[in-house]
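Below is one structure; the comments refer to it alone.
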Amino acid sequence: MRRLMLEITVDTEKCTGCKKCREVCPKGPRIWKIADVGGKKVATVLDNRSCLYCTLCISKCPTDAITIKI
């Protein structure tokens, strides 16, 4: 049986680096990192495999920058 592989993606144009995704995530620091990308603070994904795909990050993102893709 194959496991469905999902991927969290962040639109760095929309992301403001507010950290709400990391704060609400059950595995926060294991998955999320706030990094400097092109002189702007944005959320980046450290480890998709640890994600529970609960979608809490998506629901709390004020700029709709986070999506989960198949």
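Keep in mind that this is a model prediction, so the values were computed, not measured.
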**Prompt:** Do Lys20 and Cys61 come within less than 4.5 Å of each other through their side chains, counting heavy atoms only?
**Reply:** no

**Asked** Are Val45 and Ile68 linked, directly or through other ILVMFWY residues, by side chains that come within less than 4.5 angstrom of each other?
**Response** yes

**Request:** For Arg22 and Trp32, work out which heavy atoms get closest and say how close.
**Result:** NH1-O, 3.3 Å

**Asked** Quick one: do the Thr9 and Thr67 side chains pair a donor with an acceptor below 3.5 Å?
**Response** yes

**Donor-acceptor contact present, side-chain Asn48 to main-chain Ile8, <3.5 Å** = yes

**Gly17 versus Ile34, closest heavy-atom pair with distance** = O-CG2, 4.3 Å

**Asked** Which heavy atom of Asp47 sits nearest a heavy atom of Arg30, and at what distance?
**Response** CB-O, 3.7 Å

**Prompt:** Out of curiosity, does Ile70 fall in the hydrophobic cluster containing Leu52 (side-chain heavy atoms, cut-off under 4.5 Å, transitive links)?
**Reply:** no

**Prompt:** Sub-3.5 Å donor-acceptor pair from the side chain of Lys40 to the main-chain atoms of Ala35, do we have one?
**Reply:** no

**Asked** If you take all heavy atoms of Cys25 and Ile31, which pair is closest and at what distance?
**Response** SG-CD1, 4.0 Å

**Message:** Against Ile66, only a single residue in Cys57, Cys15, Ser59 fulfils side-chain contact (heavy atoms from CB on, under 4.5 Å); can you say which?
**Reply:** Cys57

**Asked** Going by heavy atoms in the side chains, are Asp36 and Lys41 under 4.5 Å from each other?
**Response** yes

**Item:** Any donor-acceptor N/O pair, Thr63 side chain to Lys14 backbone, under 3.5 Å
**Value:** yes

**Prompt:** Are Val10 and Ile58 in one and the same hydrophobic cluster, where Ile, Leu, Val, Met, Phe, Trp and Tyr link if side-chain heavy atoms are under 4.5 Å apart?
**Reply:** yes

